[in-house]
Novice: 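What follows is a single structure, and I will ask about it in a moment.
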Protein chains: 2
Amino acid sequence: MLAEDNSIQDMLREKNIRLSHQRLMVLEYMSANHNHPTADQIFNGLKGTVPSLSKTTIYNTMDAFLEAGIIRPVNIEDNEVRYDIVTGEHGHFKCDSCGRIYDFDLDLDHLTSGQLAAFKIDSRDVYFRGTCKECLKSKS
Amino acid sequence: MLAEDNSIQDMLREKNIRLSHQRLMVLEYMSANHNHPTADQIFNGLKGTVPSLSKTTIYNTMDAFLEAGIIRPVNIEDNEVRYDIVTGEHGHFKCDSCGRIYDFDLDLDHLTSGQLAAFKIDSRDVYFRGTCKECLKSKS
DNA sequence: TACAAAATTGAATTCATTACAATTAATAAT
DNA sequence: ATTATTAATTGTAATGAATTCAATTTTGTA
C-alpha cells in the first residue's frame with residue numbers, strides 16, 4: 001500500500017494482473033533483490049512483514065508473473081526453480097563453490113543454428129557452471 | 001554379459017568404474033536410446049530384462065557416470081533430470097507441444113563473454129524452448 | 001577359493017511443488 | 001456507499017523425484 005511508488009502497480013495493471021497486497025510485496029522484493037531468489041527465499045524474506053503469507057501464494061504469484069512475462073525462471077539448479085526479473089537477454093553462471101549466481105552478457109544471434117530455422121523459439125536459456133573469480137582467488 | 005560388445009566394458013574400465021551387470025545394461029540402454037531419458041524411463045525400459053533392478057541403482061549409476069563424464073545431465077525440465085550420452089557440444093530444444101527434445105549444433109566460442117574471463121568454466125548448457133517444425137505443420 | 005571392498009536393493013525419508021476447498025479480499029454494478 | 005461477483009489467499013494434504021541407510025549380494029583381488 002505504499003503510495004509512493006505507482007510504477008509497480010501500473011506494471012501489473014498493464015499486464016492485466018489484479019492488484020493484491022501480496023503481489024505488490026513480492027514484486028517489491030524481486031525489485032530489491034536481484035539475486036535470483038527461490039520461492040522459499042521470497043517467502044522467508046516477506047513473512048516478517050506479511051504475517052499471513054502462505055507459500056502457496058508465492059507459487060501462485062510466480063505463476064501469474066511468469067505467464068505475464070514479468071519474471072523468468074532460472075533452472076540452473078536441478079532441485080529448485082529460481083526467479084529473475086528480466087532486464088534483457090543474459091546468461092547465468094553458477095559457482096559450484098560459493099553457490100552464487102552471476103549474470104553475464106550474451107550474443108545469442110551468433111549462437112543460433114540454422115537447424116532450428118523452421119522452429120518457433122519462445123525462450124533461450126544459457127547456463128554455465130564452474131568456479132567464480134572470488135573462489136579461485138581464495139583457494140590459491 | 002554379452003561378450004559381443006567389449007567396447008562398453010572397456011569404456012567403463014578406462015574411467016575406473018567397476019563392472020556390473022546393471023551398469024552395463026544402463027549403458028547399453030543409453031547407447032540404444034538417444035532420446036535423453038529420465039531415470040524413470042531407464043528403469044522402466046530395463047526392469048523387464050533385469051527383474052531385480054532397483055530405482056536407487058539407476059540413480060547411483062547415473063551419479064557414477066556423471067562423475068566420470070560419460071553422460072551429461074539435461075535440466076531442460078523443471079521437475080526431473082534427463083541424461084544424455086555426450087557426443088560433443090550441442091544445445092537442446094524442447095517442444096512444449098509434443099514434449100520432444102531435439103539436439104542442435106552450437107558455436108559457443110562466439111557466445112562466451114569476456115566478463116567470465118577469470119572464471120573457471122566446467123560446463124555450458126544451452127536450452128531453447130518453443131514449438132517444433134512438426135507441431136507447427138500439424139497446427140496449420 | 002576366500003577375503004575385502006564396493007555395488008545393489010528396497011523401505012523409509014526428504015523436500016519442492018501442486019491440488020483442493022474454505023475463507024478473504026478486490027473489482028464491478030447498483 | 002453497499003452489495004454482488006469474481007478472483008486471490010490460505011493451510012492442509014497429496015504428489016513425485018531424488019536421497020538416506022542398513023542389509024545383502026556381487027565384484028575384483030590375494
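Note that the structure is predicted; figures quoted are calculated from it, not measured. Below, chain A is the first sequence line, B the second, and so on; all start at residue 1.
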Novice: Under 3.5 Å, which protein N or O atoms sit close to an N or O of nucleotides 6-8 of chain D? Give each pair with its distance.
Specialist:
from, atom 1, to, atom 2, distance (Å)
dA7(D), O4', Arg18(A), NH1, 3.4
dA8(D), OP1, Arg23(A), NH1, 3.4
dA8(D), OP1, Arg23(A), NH2, 3.2

Novice: What's the closest nucleotide to the Ser52(A) side chain, out of dT10(D), dT17(C), dA17(D)?
Specialist: dT10(D)

Novice: Determine whether the side chains of Asp84(A) and His90(A) contain a donor N or O and an acceptor N or O closer than 3.5 Å.
Specialist: yes

Novice: Starting at CG of Asp40(A) and ending at P of dA16(C), how long is that distance when rounded to a whole Å?
Specialist: 6 Å

Novice: Nearest whole Å is fine: how far is dA17(D) P from Lys55(B) NZ?
Specialist: 6 Å

Novice: What is the distance from CG of Leu66(A) to P of dT17(C), rounded to the nearest Å?
Specialist: 11 Å

Novice: Using the closest heavy atom to pick a nucleotide of DNA chain C for each, name whichever of Arg13(A) or Asp63(A) lands nearer the 5' end.
Specialist: Asp63(A)

Novice: Which whole-number value in Å describes the distance from Glu80(B) CD to dA16(C) C1'?
Specialist: 14 Å

Novice: Can Phe128(B) and Phe119(A) be said to form a ring-ring contact (aromatic ring centres under 6.0 Å, His included), step by step?
Specialist: CA-CA 10 Å; Phe128(B) 285 15; Phe119(A) 288 43; over 10 Å; no

Novice: Would you call the rings of His110(A) and His110(B) parallel, tilted or perpendicular if under 30° counts as parallel and over 60° as perpendicular?
Specialist: tilted

Novice: Provide, to the nearest angstrom, the distance between the CG atom belonging to Asn79(A) and the P atom belonging to dG16(D).
Specialist: 19 Å

Novice: Ring-plane angle category for His36(B) and His92(B), please: parallel below 30°, perpendicular beyond 60°, tilted otherwise.
Specialist: perpendicular

Novice: DNA chain D: Arg82(B) or Ser54(A), which has the more 5' nearest nucleotide?
Specialist: Ser54(A)

Novice: Identify whether any heavy atom of Thr38(B) sits under 4.0 Å from a base atom; if not, whether one sits that close to sugar-phosphate; answer base, sugar-phosphate or nothing.
Specialist: nothing

Novice: Could you tell me whether the phosphate oxygens of dT18(C), OP1 or OP2, come under 4.0 Å of any side-chain nitrogen or oxygen in Tyr59(A)?
Specialist: no

Novice: CD of Glu67(B) versus P of dA6(C): gap in Å, rounded?
Specialist: 13 Å

Novice: Return a table of donor-acceptor pairs under 3.5 angstrom between the side chains of residues 51-60 of chain A and protein atoms on other chains or two or more places apart.
Specialist:
from, atom 1, to, atom 2, distance (Å)
Ser54(A), OG, Thr56(A), N, 3.2
Lys55(A), NZ, Asp40(A), OD1, 3.0
Asn60(A), ND2, Thr56(A), O, 3.4

Novice: May I have the step-by-step check of side-chain contact (heavy atoms from CB on, under 4.5 Å) for Leu108(A) and Leu111(B), ending in yes or no?
Specialist: CA-CA 7 Å; Leu108(A) 277 174; Leu111(B) 173 86; 4.1 Å; yes

Novice: Take atom CG of Leu53(B) and atom P of dT8(C), then tell me their distance rounded to the nearest Å.
Specialist: 9 Å

Novice: Are the side chains of Val26(A) and Met62(A) in touch, meaning some heavy atoms are under 4.5 Å apart?
Specialist: yes

Novice: Whole angstroms only, please: what is the CD1-P distance between Ile58(A) and dG11(D)?
Specialist: 12 Å

